[in-house]
Protein chains: 6
Amino acid sequence: MHIPLVKDKENVMKRSDGRADEQLREVQFDVGFAPNAEGSVLISMGNTRVLCTASVEEGTPRWMQSEEKDGGWITAEYAMLPRSTGSRVRRERNGISGRSQEIQRLIGRSLRAAVNLELIGPRTITIDCDVIQADGGTRTASITGGYIALMLALGPELKSAAIPRSAIRQPVAAISAGVVQGRPVLDLCYEEDVAAEVDANFVCNGAGEIVEVQGTAEGETMTKADFDKLFAYAATGIEQLIEMQHSVLKREGISLS
Amino acid sequence: MHIPLVKDKENVMKRSDGRADEQLREVQFDVGFAPNAEGSVLISMGNTRVLCTASVEEGTPRWMQSEEKDGGWITAEYAMLPRSTGSRVRRERNGISGRSQEIQRLIGRSLRAAVNLELIGPRTITIDCDVIQADGGTRTASITGGYIALMLALGPELKSAAIPRSAIRQPVAAISAGVVQGRPVLDLCYEEDVAAEVDANFVCNGAGEIVEVQGTAEGETMTKADFDKLFAYAATGIEQLIEMQHSVLKREGISLS
Amino acid sequence: MHIPLVKDKENVMKRSDGRADEQLREVQFDVGFAPNAEGSVLISMGNTRVLCTASVEEGTPRWMQSEEKDGGWITAEYAMLPRSTGSRVRRERNGISGRSQEIQRLIGRSLRAAVNLELIGPRTITIDCDVIQADGGTRTASITGGYIALMLALGPELKSAAIPRSAIRQPVAAISAGVVQGRPVLDLCYEEDVAAEVDANFVCNGAGEIVEVQGTAEGETMTKADFDKLFAYAATGIEQLIEMQHSVLKREGISLS
Amino acid sequence: MHIPLVKDKENVMKRSDGRADEQLREVQFDVGFAPNAEGSVLISMGNTRVLCTASVEEGTPRWMQSEEKDGGWITAEYAMLPRSTGSRVRRERNGISGRSQEIQRLIGRSLRAAVNLELIGPRTITIDCDVIQADGGTRTASITGGYIALMLALGPELKSAAIPRSAIRQPVAAISAGVVQGRPVLDLCYEEDVAAEVDANFVCNGAGEIVEVQGTAEGETMTKADFDKLFAYAATGIEQLIEMQHSVLKREGISLS
Amino acid sequence: MHIPLVKDKENVMKRSDGRADEQLREVQFDVGFAPNAEGSVLISMGNTRVLCTASVEEGTPRWMQSEEKDGGWITAEYAMLPRSTGSRVRRERNGISGRSQEIQRLIGRSLRAAVNLELIGPRTITIDCDVIQADGGTRTASITGGYIALMLALGPELKSAAIPRSAIRQPVAAISAGVVQGRPVLDLCYEEDVAAEVDANFVCNGAGEIVEVQGTAEGETMTKADFDKLFAYAATGIEQLIEMQHSVLKREGISLS
Amino acid sequence: MHIPLVKDKENVMKRSDGRADEQLREVQFDVGFAPNAEGSVLISMGNTRVLCTASVEEGTPRWMQSEEKDGGWITAEYAMLPRSTGSRVRRERNGISGRSQEIQRLIGRSLRAAVNLELIGPRTITIDCDVIQADGGTRTASITGGYIALMLALGPELKSAAIPRSAIRQPVAAISAGVVQGRPVLDLCYEEDVAAEVDANFVCNGAGEIVEVQGTAEGETMTKADFDKLFAYAATGIEQLIEMQHSVLKREGISLS
């Protein structure tokens, strides 16, 4: 059953944390949080905090070798620390869950769109996203932070011209949007996420093009018009995130534009 | 890098199987293929064939009981037979793959949107989707066929009024669409799927509303305009599929409208 | 405790499906059911239906290489679809069950007896037997159908003389027999199988010789005379099955005698 | 290809260890080898040594409870110590092998035939068979020794009449037989087993009736006449083993006849 | 072979980071780093950083219930983030490693000595130790930090007298010591750990008594005199750590003495 | 809480089996119990019996090859037979337990101290320790017996000078000691082990030097003085064990001093 969007914004209650509907939570980047990694950042979006590291290893995965593919590969892993959440979650020690698999596959695909894999040489870059604190939007924070870790790891190679500047296509960032109590909002916190009728994640690049989009309306549905509204909010949010990525990387001496 | 859509349709080559861009493959429903199941259908969409069965079990999963949730549950499992594909694929005997997990979670979420779970009583319905032959679009065929198996299984309960008619919300069907060589097309076969720059799956209901949407542009991107075009194709395709579902179920004595 | 065989056939009830004691169920072969496989057949024996496919891969298993064995290898896998049975059975996704292992090892050994492995070159042929519908005798149907899938897969190689005709030894087929309510019968359906005091499976070749025999009397015993009677029934049944295999293969242009 | 049986015994070579064709290896029973078990015996048949223990636990397996079956249950586990063999075999620590599963299922079925499960009360008896030294025939030695361990464990209950004497049906023992270089022989050692064209295992009871029979002719076949000859040898061997079991148990104060 | 201890300290080189032999690295406690946990601290000992959280759950493990044990339980889990180390380590997703098991068992035993389990009521407290950065001594840092997380989690219960003050026995802390190039040193960094002939871990309480001691001389040996020297260093180090724990907890309003 | 040691020995009860505090249980070595192994011994320490075998394989583990380490490797595996204990313990078939891992890692490290790995050539020696009967001290019995199995396996190589005599460093043996009811005792049986406040295991070499030491005071603590007392007892016990090892090996023609 489709729940019609609320039209008259004046009469609706504010969001639980007082944000405007199309407003991002406060974003912070703590660069170099894991000094052993080639690139690392602790990204905070409100109370969601994810440690993103990029590890560069020589060589490519076996499947690329057997398919005789040139270039390199980017892959991702995602996990939640047991007390990232309000009640303790079990470690995935006897096989990874379906949810974690889905998320890490999404992160990997999204970040591969940022780079021309054929130009980075026979390297495998693993983006590890470990959720320190979870308050909604951990997968999109992983992508936005993962992009920074990736660029930090590639920085020295770009400076030394071991990898050509043309290997970097476009910045990539991601954000969630959803319909909560009939009202489209951007960057849902956990409380909103649980209550949402519709939940969507958008991954876009610096040109405003779509890299990935996933929308689900568990038990409900949404009209195309709802979806378009969510996309509009997300496009603006991602534009802001990409500007922040740009500043952070510039501060670290990596200028990609 | 965004590849602009081809504008002048006259000059482009036809699709490999001669279909128009917005044309579905031939669809067939072989009802009752697995007579032991409460509901079953072998759906064919071109050379893609999936056996969908619905199994009704009394009782609900443990997590529903511990959360003291009323009503019932619908879940799905998905697997490919080893020779559904051109070269043999291994059985997933030591843990399910990330791909299979993603697909079966999508099938489950999609079919739960067809039903008001609170009204079906303490039952668990499992939709098993086993791919006999794979030629692209196995997950969307699983959803379209799974809906029929589900309704066949619920049919006797609806007739006897053990489950109220209002428990059925809307029919649900699904289709893929993508951009192949810069050109949006509907219902991709495997050959097109492999070559596609953009690949999307749409799940809609009988009212044309979105249940699920997933779009990915591995290594590429798409504009919002591309995406809207794909959605338009998909909406028309799903409308046709829902009509066919309607006919098949009517033939089996199940009229839901 | 041994239950003596019923002597006076006149006075006993007919079998549940009206068959004579030594009578096979209706047998059908749907050749090419899985067109992607090198060889495939959907075998039906009454309500038991098994999809048998043969996959030919270049190269031999690692253990053959490390033992420096010449020739090729034939192996088998067996699984039941979740709704092949009256109530849903779980997929074996976290390790294969003892029962499935036993059955697929039996299928593999039986079919290796049909071929001189040293003459088929460094190839591995996998026979996949997936039970679509189970009504007793799935393992013997798998062997009988698996032989056809195997020969269909080898057919082109035999025609092109890539594999010599002498690589094919003898046709192989299998059937069950058992003692039900003190009375020996051939080709047990599920209802009979559950009630049987003694359950045996026979695999024989075209010369009437034994390839494999397995007899079990869970909780009961049988005399050697019982066993001999079961063997006699099975020998006749297998003879008929081998004739049918012969016809099917001839129709497909494969003449082995 | 069937290899005809050697007719003229005079002209053939003796067996590697000098035994006559129908002669058992030397059998020994070291009762109480594992004093913590309710019943235990280290059985030696030539150089094959298996430690068989019987453990009695109150209660029945969950599946019996949910099927509301009365009585008790007997099950078995089988494993080889790493250096029971000439070259070290790996422990089965990440899932049991198909071979071990087959064997332990055979042991369990065979020993259940010795007892009327409905009369032993709600008990689960586990027969553990751990191969200390392997020289062929470990599964049949496990059954023959397992029967003794089982009776030793039930002994006190029989004496106290907690379990009625009628719960014990018949003694059960087992032996291998095979065709080696065209010649049927009893109780194959490893060297003969490896060279055998035909390998069969027979489980019989004290009345000479068949409990289980398994015959395989990997890569070869056998005639019914071969099989009958093997059965005849086995029947004599098992008769001797049952006499020995009788003596051993009598010595331990358990008289069952 | 025993390598004699260096006697003349004047002539030996300083430690790689300039510390005296019996000197701890700089210790820091970042309390509340994981705000969702009942207790949390990020402990740093030099470049080793471990996030320790304490989770309190109602109820006790199943084994305690079946043994009808009163009181509560404390257990621990330990893991390294992939880029805690110089080169990426794999996540333990398909079973935990022997090393991790040993460490988390040690942490659990050590912290259980700090508390009288019978007096904390039917609660299970899980101490999660996730290594953010590894530079030697991660297991001892986990114990020292884990004690703080544990007390923070118990703090409110102690204040409200839901748990009596007498449930807390003694503070517990831990430190490593070893023999490097013939010279006993305290609190080894990774570089020293790799080069050490002898490696020992000491867990002591506030009374200077031993809770756990583990000493290993992989490929080498140590005299009892060596061991006594290591113990003396460790005792002093642990005394300092327990003072720091005391200050940190006092600052958080938890005074236990 | 530290329980003070009992001072006045006269007034305390004797140990449950009448031994003096510093007295070993009766020790026996049954050499060659597993004749297929390169070296084997069934060691008995009182009612604890462990079958130790040594298997020599050519080549080194993959990790040694990739680290380009010279010489050979010694590793160990440990398991308990199901009825080594009073009530049946499960086989570790779905992953090894933390306890078994800890023990087999300890056995491996201890025995590697007996040999100069660089001098034994590219060989891997696996020490398998299978507990036939468990009455406390199975890990220390495994080390003491494992040393004999190891030397028996190396014996022929030493005689033929394929491995130089200098490859053997020192004999290694192990024993437990603990504080039971406030009283330090040597070589705890199971009954004492369960009741012990403090439990320690000592591994020493022929020169009385420490190879490994592990002391734990689950729920309690011990003073350094307690620990020194336990060490003194253990040192005497190990001296006796090493003398026995010497005699056994000499009897087998292996003289190492």
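Note: hydrogens, waters and symmetry copies are ignored here, and every other heavy atom, side chains too, is used. Proteins come first, then strands; the chains are lettered A, B, ... in the order of their sequence lines, and each starts at number 1.
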- Item | Flag if over 12 foreign heavy atoms under 6.0 Å of NZ, K159(D) | yes
- Around Q65(D), counting heavy atoms of other residues, nucleotides and ligands shown, do more than 12 lie under 6.0 Å from its CD? yes
- Members of residues 119-130 of chain F whose heavy atoms come closer than 4.5 Å to chain D: T126(F), D128(F), C129(F), D130(F)
- Item | Heavy atoms of other groups near E26(F) CD, more than 12 under 6.0 Å | no
- Choice from A54(D), S84(D), S40(D) maximising heavy atom contacts with chain F below 4.5 Å: S84(D)
- Query: Which atoms of T53(D) come close to chain F, meaning under 4.5 Å heavy atom to heavy atom: side chain ones, backbone ones, both, or neither?
  - Reply: side chain
- Query: To the nearest 0.5 Å, what is the distance between CD1 (I96(F)) and CG (N94(D))?
  - Reply: 9.5 Å
- Tell me, please, whether F33(F) has R83(D) positioned over its six-membered ring: NZ or CZ under 6.0 Å from the ring centre and within 45 degrees of its axis? no
- Given the options L81(F), I132(F), V56(F), which has more heavy-atom pairs under 4.5 Å with chain D than any of the others? L81(F)
- Item | Closest approach of T85(F) to N36(D) (non-hydrogen atoms, all atoms of both residues) | O-CB, 3.3 Å
- Query: chain F: which of E38(D), E92(D), E57(D) shares the most heavy-atom pairs with it under 4.5 Å?
  - Reply: E38(D)
- Residues from residues 68-77 of chain F approaching chain D under 4.5 Å (heavy atoms): E77(F)
